[in-house]
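Both backbone and side-chain heavy atoms feed into the values below; hydrogens, waters and symmetry mates do not.
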Amino acid sequence: MWADPPQGQSLPVFGLAALMGFDLLPRIRNWHDLIFYRPTPGTRYQHIDSLFGDEVIDWTLIETHWTDLLRTAISIRENRLSSVTLLRRLGNHSRKNRLYRAFRELGRAVRTITLLRYLSDPDLREQITQVTNRNESFHNFADWLMFGGKLIGHNDPDYQEKIIKFNELLANCVIYSTAQDITDAANAIAADGHPVDLDDLATISPYITHVIRRFGNWILNLTPPAANPTTRLDLESQVLFAP
């Protein structure tokens with residue numbers, strides 16, 4: 001999983017992500033503000049010791065509350081506890097909360113490992129950047145489609161979640177329609193005998209806005225189309241590429 005907003009880099013979120021069984025791989029910013037935690041007070045490294053401060057992970061705290069940590073992760077997986085509710089409880093105002101401190105301590109260990117992976121693996125850095133840029137492009141497109149601007153005028157979490165989901169559903173529908181139009185155009189060019197380069201197609205984004213009537217007439221038609229829409233390119237070599 002990739003995440004880029006500030007909450008995606010908080011220590012408790014790193015701990016929760018690890019317990020949920022996936023990697024939280026945000027784009028790393030402000031390295032001078034991040035701390036590499038030592039596993040023990042006496043641990044020293046030959047080449048990278050200068051990255052680490054004097055802070056040490058409290059493994060006893062993690063072990064003491066390990067059952068609570070697992071119970072919380074299972075509750076979220078079984079939809080008995082909302083992750084939004086939990087993250088709100090694990091905010092900065094909860095520093096005296098024992099569950100917060102346990103998640104934070106686990107997050108220190110997980111984030112330190114993630115930072116070391118990020119430093120040592122150029123391919124991982126490139127992959128994170130590509131995926132994060134793609135996510136940002138989608139969110140920017142969804143924000144552009146949001147009627148009335150980004151501000152949600154209600155404090156009800158259920159209402160806010162509904163607005164966000166509907167907005168993302170609309171964005172996905174528009175992206176699908178645009179991608180279908182691009183596919184039709186590329187197939188038409190190829191059918192006329194003109195070569196179509198896949199590298200050129202890769203530069204075409206589905207987040208096109210100038211052809212969308214954002215505030216036009218929206219007609220909901222639930223009748224299935226008479227024919228299946230074209231969703232694939234004709235990849236026959238003699239059609240797409242000149243011999």
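Residue Tyr45 holds its OH atom at 12.5 Å from OG of Ser50, rounded to the nearest 0.5 Å. Here OG1 of Thr72 is found 13.0 Å from CZ of Arg77. Values are rounded to the nearest 0.5 Å. Rounded to the nearest 0.5 angstrom, Ile62 CD1 and Arg108 CZ are separated by 9.5 Å. Here Leu24 contributes atom CG and Phe22 contributes atom CZ; the two are 7.0 Å apart, rounded to the nearest 0.5 Å.
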Assess whether side-chain contact (heavy atoms from CB on, under 4.5 Å) is satisfied between Leu119 and Leu51, documenting all intermediate values. CA-CA 11 Å; Leu119 284 176; Leu51 294 174; 3.8 Å; yes

When you look at Asn140 and Tyr207, which way does the side-chain contact (heavy atoms from CB on, under 4.5 Å) test go after all the steps? CA-CA 9 Å; Asn140 290 336; Tyr207 308 122; over 6 Å; no

Passes side-chain contact (heavy atoms from CB on, under 4.5 Å), Arg111 versus Leu34? Steps please. CA-CA 10 Å; Arg111 193 181 71 175; Leu34 301 178; 3.6 Å; yes

Report the C-alpha distance between Phe14 and Leu106 in whole Å, list the side-chain angles of each, state the deciding distance to 0.1 Å, and finish with yes or no for side-chain contact (heavy atoms from CB on, under 4.5 Å). CA-CA 8 Å; Phe14 270 96; Leu106 177 60; over 6 Å; no

Evaluation steps, salt bridge (charged side-chain N to carboxylate O under 4.0 Å, His left out), between Arg104 and Asp58: CA-CA 10 Å; Arg104 180 187 61 184; Asp58 188 350; over 6 Å; no

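For the pair Arg98 and Asp68, the minimum side-chain heavy-atom distance is below 4.5 Å. Taking the side chain as every heavy atom from C-beta outward, Trp66 and Leu70 approach each other to under 4.5 Å. For the pair Met20 and Leu16, the minimum side-chain heavy-atom distance is below 4.5 Å. The shortest side-chain heavy-atom distance between Leu25 and Tyr118 does not fall under the 4.5 Å cut-off. Residues Leu11 and Glu105 fail the side-chain proximity criterion, which asks for heavy atoms closer than 4.5 Å. Looking only at side-chain heavy atoms (C-beta outward), His65 and Leu99 stay at 4.5 Å or farther from each other. Counting only heavy atoms from C-beta outward, the side chains of Asp49 and Arg38 approach each other to under 4.5 Å. Taking 4.5 Å as the limit, some side-chain heavy atom of Leu124 sits within range of a side-chain heavy atom of Ile128.
Side-chain atoms of Ser177 never come within 3.5 Å of backbone atoms of Cys173 as a donor-acceptor pair (strictly under, hydrogens ignored). Side-chain atoms of Thr203 come within 3.5 Å of backbone N or O of Asp200 as a donor-acceptor pair.
Surrounding CG of Asp192 are more than 12 heavy atoms belonging to other residues, nucleotides or ligands, all under 6.0 Å away. Atom CZ of Phe166 sits in a sparse spot, with 12 or fewer heavy atoms from other residues, nucleotides or ligands closer than 6.0 Å. The neighbour count for Gln130 CD, taken as heavy atoms of other residues, nucleotides or ligands under 6.0 Å away, is above 12.
Shown here for Tyr100 and Pro12, the closest heavy-atom pair between the two residues is CE1-CG, 3.5 Å. Nearest heavy atoms, Pro206 versus Ile182: CA-CD1, 4.5 Å. Annotation for Arg44 and Pro41: closest pair NH1-O, 3.1 Å, computed over non-hydrogen atoms. The minimum heavy-atom distance linking Ser120 with Pro122 is given by the pair O-CD, 3.5 Å. Considering every non-hydrogen atom in both Val56 and Pro39, the closest pair reads CG1-O, 3.9 Å.
In this structure, Leu169 is not a member of the same hydrophobic cluster as Ile164, with clusters built from ILVMFWY side-chain heavy atoms closer than 4.5 Å. Both Leu19 and Ile57 sit in one connected hydrophobic cluster of ILVMFWY residues. Membership requires side-chain heavy atoms under 4.5 Å apart, directly or through other members. Residues Ile208 and Leu145 share a single hydrophobic cluster, defined by chaining ILVMFWY side chains whose heavy atoms lie under 4.5 Å apart. Residue Ile76 is grouped with residue Leu69 when hydrophobic side chains (ILVMFWY) are merged at heavy-atom distances under 4.5 angstrom, including chains of intermediate members. Residue Trp144 is grouped with residue Phe138 when hydrophobic side chains (ILVMFWY) are merged at heavy-atom distances under 4.5 angstrom, including chains of intermediate members.
Evaluation of the side-chain contact (heavy atoms from CB on, under 4.5 Å) rule for Thr112 yields Phe36, Tyr37, Phe52, Leu116 as partners, not counting sequence neighbours. Partners of Asn133 according to the side-chain hydrogen bond (donor to acceptor under 3.5 Å, both in side chains) rule, which considers only residues two or more places apart in sequence or in another chain, are Arg27. Shown here are the salt bridge (Lys or Arg N to Asp or Glu O under 4.0 Å) partners of Arg117, two or more places apart in sequence or in another chain: Asp23.
Ion pairing between Lys165 and Glu168 fails under the 4.0 Å rule for side-chain N and carboxylate O.
If you check the side chains of Thr43 and Thr40, you find a donor sitting under 3.5 Å from an acceptor.
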